[in-house]
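Right, one structure below, let's go through it.
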Amino acid sequence: MRAAVVTAFGGPDVIETREIPAPEPAAGQVLVEVGVADVIFVETAIRRGEHGEFFDVQTPYVTGSNLGGRVRAVGAGVPADWIGKTVVGRGVAFGAHAELALTTTNLVEVPPELDLRTAVAVYGDGFTALMLEELAPPMAGQDVLITASAGGMGLLLIQLAHQAGARVIAAARGDEKLELSRAQGADVLIDYGRPGWEKLVLEATNGAGVDVVFEGAGGELGAAAFSVVKDGGWISAHGAPSGSFAPYDAAEVERRGLTVKGIMDLRADSTTTAVTGADVIARAAAGDLKPVIDQVFDLDHVADAHRALENRTLRGKALIEVSR
């Protein structure tokens, strides 16, 4: 079968489309004929050899995590009635950018009202967005800042905060991304490509600061976001497209009475949330989560998808179409 393989840690050019042996489902596993797969920013960092403390990955490996397609076969202990169903799920040890991929039985059948691209686009980012929604305090009537607001997850967070009755402050780079944020329900638009952008956030809140921050940018931008959350406020430091998660001083956090959530609060093995994949698909089917799909790449151009993510040219999601 054909698959996109990271041959060594490095730049996008280390990704090669290769013929590799098709996997066989072991006990408790499901083999899926992949139609569409997701691609997210953290995968570019893992490809570079970063975040080894969170992701135990060795090269060579097949890229991609979230996928959708038709179940071809099941392993021992898995009901045979899964065979033939169209599902979304998560690849075992990545592996989604391939014609065939193994998943666990934590699958969700795609309802007829959702097409496969939409289901895959919402599945991964929607999972994290709903986790953050559950972890965050009630947002009705609150000022909520969302950084990296025009990314796949940022746009979903705008939708959720808007639906909750928050006053949404979207921060992104450039007019095009900000207008996309407005279209999803943002009330205040701030270009954080301009120096001193955090002062504009304070001005928008009459100097009080924001109540809730969904911080998806990381690095210095994330550190600046910490400076605009009011004492006693809540902030998630979950994004690292700037190269690192937002740094913060634990002593200052305690002194200011802030509640901080990080990447470990959003991992399936360490989260306290009760969000399931079925919840994500149900909320998408209900219209609460509407992913914005910007570009779709084929299996031979996964490296180009990584470049688009790293170059910040995407307005929403990128997907990999494996088979038609």
Side-chain angles (χ1 to χ4, degrees), residues 1-7 12-26 29-41 43-44 46-47 60-75 78-127 152 277 280-281 284-285 291-309 314 316-324:
M1 70 169 189
R2 298 173 69 245
V5 179
V6 174
T7 58
D13 290 343
V14 303
I15 302 174
E16 297 180 3
T17 305
R18 292 181 170 181
E19 287 284 345
I20 64 173
E24 294 289 337
Q29 292 183 335
V30 176
L31 183 67
V32 176
E33 298 173 357
V34 181
V36 180
D38 195 1
V39 57
I40 59 176
F41 191 89
E43 292 171 14
T44 70
I46 295 166
R47 184 210 70 228
Y61 70 92
V62 177
T63 61
S65 179
N66 300 303
L67 59 89
R70 178 180 173 275
V71 175
R72 172 183 283 193
V74 297
V78 181
D81 61 4
W82 275 108
I83 296 174
K85 291 183 176 180
T86 299
V87 300
V88 288
R90 184 164 295 173
V92 174
F94 296 95
H97 296 160
E99 292 175 325
L100 295 168
L102 294 173
T103 73
T104 66
T105 54
N106 190 23
L107 298 171
V108 182
E109 187 172 4
V110 179
E113 59 265 38
L114 284 185
D115 64 89
L116 189 59
R117 282 188 179 183
T118 299
V120 172
V122 78
Y123 187 75
D125 287 336
F127 206 103
V280 177
I281 296 302
V292 176
I293 300 170
D294 184 20
Q295 295 188 56
V296 179
F297 300 83
D298 63 27
L299 194 59
D300 291 320
H301 293 89
V302 172
D304 289 336
H306 278 228
R307 292 186 186 97
L309 283 162
L314 291 170
K317 291 292 301 175
L319 295 177
I320 306 300
E321 188 163 68
V322 178
S323 62
R324 294 184 182 274

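All values below were derived from every heavy atom in this structure, side-chain atoms included, with hydrogens, water molecules and symmetry-related copies excluded.
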[X] versus [Y], closest heavy-atom pair with distance:
X      : Y      : answer
Ala305 : Ile320 : CB-CD1, 3.9 Å
Ala98  : Val62  : CB-CG1, 4.1 Å
Gln29  : Glu24  : OE1-O, 4.1 Å
Val322 : Ala96  : CG2-O, 4.4 Å
Trp82  : Val71  : O-CB, 3.2 Å
Tyr123 : Gly277 : CE1-CA, 3.7 Å

Do Lys317 and Ile40 pass the side chain to side chain contact (heavy atoms under 4.5 Å, CB included) test, and can you show the C-alpha distance, the side-chain angles, and the key distance before you say yes or no? CA-CA 8 Å; Lys317 291 292 301 175; Ile40 59 176; 3.4 Å; yes
Please check this pair: side chain of [X] against backbone of [Y], looking for a donor-acceptor N/O pair closer than 3.5 Å.
X     : Y     : answer
Thr7  : Val14 : yes
Glu19 : Met1  : yes
His97 : Asp38 : yes
Glu99 : Arg2  : yes

Rounded at 0.5 Å granularity, tell me how far [atom1] in [X] sits from [atom2] in [Y].
X      : Y      : atom1 : atom2 : result
Asn66  : Phe127 : CG    : CZ    : 9.5 Å
Ile293 : Leu319 : CD1   : CG    : 5.0 Å
Leu114 : Glu109 : CG    : CD    : 12.0 Å
Glu43  : Thr63  : CD    : OG1   : 6.5 Å
Thr17  : Asp300 : OG1   : CG    : 4.5 Å
Leu100 : Leu31  : CG    : CG    : 5.0 Å

Might you work through the side chain to side chain contact (heavy atoms under 4.5 Å, CB included) test for Val110 and Ile281, ending with a clear yes or no? CA-CA 7 Å; Val110 179; Ile281 296 302; 5.8 Å; no
Beyond-backbone contact of Leu67 with Val120, side-chain heavy atoms, under 4.5 angstrom: no
Are the side chains of Val6 and Phe94 in touch, meaning some heavy atoms are under 4.5 Å apart? no
Report the C-alpha separation of Phe297 and Val39 in whole Å, then their side-chain angles, then the decisive distance to 0.1 Å, and conclude whether the side chain to side chain contact (heavy atoms under 4.5 Å, CB included) test is met. CA-CA 10 Å; Phe297 300 83; Val39 57; 5.7 Å; no
Hey, mind stepping through Gln295 and Asp304 against side chain to side chain contact (heavy atoms under 4.5 Å, CB included) and telling me if it holds? CA-CA 11 Å; Gln295 295 188 56; Asp304 289 336; over 6 Å; no
I'd like to know if Arg307 pairs up with Asp13 as an ion pair, taking the criterion as any Lys NZ or Arg NE/NH1/NH2 lying under 4.0 Å from an Asp or Glu carboxylate oxygen. yes
For Thr104, the option from Asn106, Leu107, Leu102 that meets side-chain contact (heavy atoms from CB on, under 4.5 Å): Asn106
